[in-house]
Amino acid sequence: MESFRKIAELYSEIEDITSHKKIVETLASFLRDLEPEDVRVAAYLALGTAGPKFEDIDLGIGEKLGVKAISATYEIPEEIVEEKYSTLGDLGDVAAGLCRRRRSSLDMKDVFEQMVKIRDASGKGSQNEKVLFLSRLLGRSTPDEAKYIIRIALGQLRLGFGEQFLIEALAIAFTGDRKNARRIDDTYNICTDIGQLAQSLAEHGVSSLGRFSIKPGRPVQMMLAKRIDNFEELEEKFPGEMAAEEKYDGERVQIHVDGDRIRAFSRRLKDISDQFPDVIEEVHKTVKVQKMVLDGEIVAFANERIQPFQDLMQRRRKHDIEEYIEKVPVAVFFFDLIYLDGRSLLKKPYYERRALLEKSLEKSDSIRFSRRIVSSDLNKIEDFFNKCVEKGLEGIIVKSLDEGSIYQPGKRGWLWVKWKKEYVKGVRETFDLVIVGSYYGKGKRKVSFGALLCAALNKNENRYETFTKVGTGFNDDDFEEINELLDKHFVDKVPANVLIEKDMQPDRYIEPSVVIEVLGSQITASPGHTAGKNKGDKGLALRFPRFLRIRYDKGPAEATTVEEIRGMR
Ligand code: ATP
């Protein structure tokens, strides 16, 4: 059993050090001398917290309660405590100044356990209870101890270091080599309870690192996506097939199912179950297994449509939850499963995890799986992206389907790549293109078209060669007008003066007559289009096109030519 005095001395020593290296060494030599059980508590206390970060570590003690506790302990009126506070600026210093005790009877575990009690006191009368617990601790401490107890209780320890320093100190203390901090850090992404990790290192040294796995109830750090600057990079990153998923702009959520106990954690690993009782209940209804850990995104969702991020933010509350469940209904789009009935799936490839995900949970109105396509064709991925943007989404997350496509907790690697609409830039030229085909759309667009196949004029060959497929930028009036204009021009087969690749065949062919102005972002070589294509090689294609307007003033003969396009590359 280690005395609390020792950690108070450590705090005071560290307060005076500015060098990173020195702080880490001081921490390390302090930890090395402790019993493993004390190392656990010391790890939390060194960070000024009363438990792992995924538990609610806020003790709920504000300045007012701090003043009350000090006043009760030292039998001094609250006004005087407040007066001293305004002079000294730190309630910890106020407590230290009032404390007359020479000998302490506190050990680290006592303090820690009382802190947990303070934290857990809730409901009616809990404020008085918190003050009472805190005051009991102060009553047993020396001035220095009182100072730090108050600071911890208020969440104001401010020693100028965080988790990373502590991890380095653990590496030095229990593996003898600071370089092991990286390995500890990797494990910390999986076992996010710093106390448990520290204790295990104290007990078993570096060999303990391999022992940690996912455990329902203890969140793991979430895997992140890297960005690319150029859409074509997708081909390098994912040489074969890839999965492109809709990217939802909501709040990341990791849901842990352990029988009847279901909890939701945020990206910062905070327990957000109380904010989303509706989600918890729905998972309860739809789950088909005993234990699992799901990864997904919560969005505000009404009338089958994803609502703006701002709507979801209204659900970030502690009060009136019931009212807001009605006001801001939500849905979760799950995209990963990392633990299933006693087995960690972290090392399984993404396609396997995804397949298991779809088997382990029933879909419902508010429980969904991320929509996605699997393809090796960048044109198809681009189409999917354009549709996402048209729907109001931010973009796509493209995921590796390799054997090696494991789940990497806390890592931002090349297994997931994000492509957002704001990345789309580049030439930003406009082109006047001839409509040569149309593709059916979904929903409202079923009656008209979902996208138009557009061509440039190849003057040498005297024909129209396809250059892009436009599916965004149309409003309701545009649809109507274009439909009317095209009505007379639908034909049964490819017109003789139009060249279309096999993979690009539209649902309906249209003889060249209507010209539209299209804004585009990148001219690339593509096997899907025929513009400027010579035998054997690729044609030119315009990526991320957007409809601007109908060019009533232009006929197909005045369309942008392949030569002009070549000149822009
Ligand atoms: P950053 O990743 O740079 O920290 P951010 O929080 O704005 O920034 P983005 O980069 O925009 O996030 O995108 C990554 C986030 O996208 C993920 O953390 C996740 O919350 C969200 N997301 C939405 N849909 C998906 C999906 N289908 N697969 C994976 N992540 C998704």
Side-chain angles (χ1 to χ4, degrees), residues 189 192 219-229 231 233-234 237-238 241-256 264-270 272 275-276 279 293-301 305-313 315-316 330-338 345-346 348-358 361 363 366-375 381 384-402 405-425:
N189 284 328
T192 50
V220 304
Q221 290 289 351
M222 304 190 190
M223 178 164 170
L224 299 167
K226 259 202 157 79
R227 70 170 281 177
I228 43 170
D229 293 322
F231 191 67
E233 281 177 56
L234 285 178
K237 301 294 179 217
F238 308 111
E241 286 201 313
M242 56 192 111
E245 298 193 356
E246 289 184 341
K247 180 176 191 308
Y248 308 100
D249 186 16
E251 178 164 10
R252 184 80 173 262
V253 67
Q254 194 177 90
I255 294 191
H256 288 234
F265 296 97
S266 71
R267 170 149 164 201
R268 301 189 61 196
L269 309 186
K270 296 278 169 253
I272 49 170
Q275 277 173 46
F276 298 106
V279 170
V293 177
L294 298 148
D295 193 2
E297 189 92 355
I298 297 190
V299 292
F301 197 73
R305 286 185 76 91
I306 295 173
Q307 305 300 316
F309 180 69
Q310 289 76 355
D311 288 11
L312 182 72
M313 287 303 96
R315 292 287 298 264
R316 283 207 168 162
V330 298
V332 191
F333 286 86
F334 287 111
F335 45 75
D336 223 314
L337 180 70
I338 52 180
L345 304 181
L346 291 177
K348 299 271 178 228
Y350 156 78
Y351 57 84
E352 222 176 295
R353 301 197 308 273
R354 171 82 192 201
L356 288 170
L357 166 69
E358 290 180 20
L361 204 63
K363 272 202 284 191
S366 59
I367 297 289
R368 311 201 167 210
F369 301 121
S370 59
R371 273 182 288 245
R372 57 176 204 155
I373 61 157
V374 170
S375 175
I381 306 283
F384 182 74
F385 168 82
N386 288 334
K387 276 192 203 121
C388 289
V389 172
E390 189 66 10
K391 272 207 263 183
L393 297 171
E394 277 195 297
I396 53 177
I397 304 256
V398 186
K399 299 184 178 176
S400 164
L401 287 167
D402 253 24
S405 56
I406 56 173
Y407 189 97
Q408 301 174 302
K411 292 271 154 59
R412 192 189 293 282
W414 287 116
L415 295 175
W416 290 6
V417 165
K418 55 188 170 184
W419 181 256
K420 299 201 219 178
K421 58 184 174 211
E422 73 219 43
Y423 302 168
V424 176
K425 45 188 187 291

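We're numbering straight along the sequence, starting at 1. All heavy atoms count here, side chains included; hydrogens, waters and symmetry mates do not. Atoms within a ligand are numbered from 1 in the order they appear, just like the ligands themselves. Because the structure is predicted, anything quoted here is derived from the model rather than measured.
- E246 pairs by the side-chain hydrogen bond (donor to acceptor under 3.5 Å, both in side chains) definition with Y248, R371, K391, not counting sequence neighbours.
- Once rounded to the nearest 0.5 Å, the distance linking SG of C388 with CZ of R372 reads 13.5 Å.
- For K420, the side-chain contact (heavy atoms from CB on, under 4.5 Å) criterion is met by K247, E394, K418, E422, Y423, not counting sequence neighbours.
- The pair E245-R354 meets the salt-bridge criterion, since a charged nitrogen lies less than 4.0 angstrom from a carboxylate oxygen.
- Side-chain contact check for Y407 and D295: at least one donor-acceptor pair (N or O, by modelled atom type) lies under 3.5 Å.
- Ordered by chain and residue number, the residues placing a heavy atom less than 4.0 Å from ligand 1 are L224, E245, E246, K247, Y248, R252, R267, E297, F335, I397, K399, R412, W416, K418, K420.
- Judged as a side-chain contact (heavy atoms from CB on, under 4.5 Å), and not counting sequence neighbours, the contacts of F309 are D249, M313.
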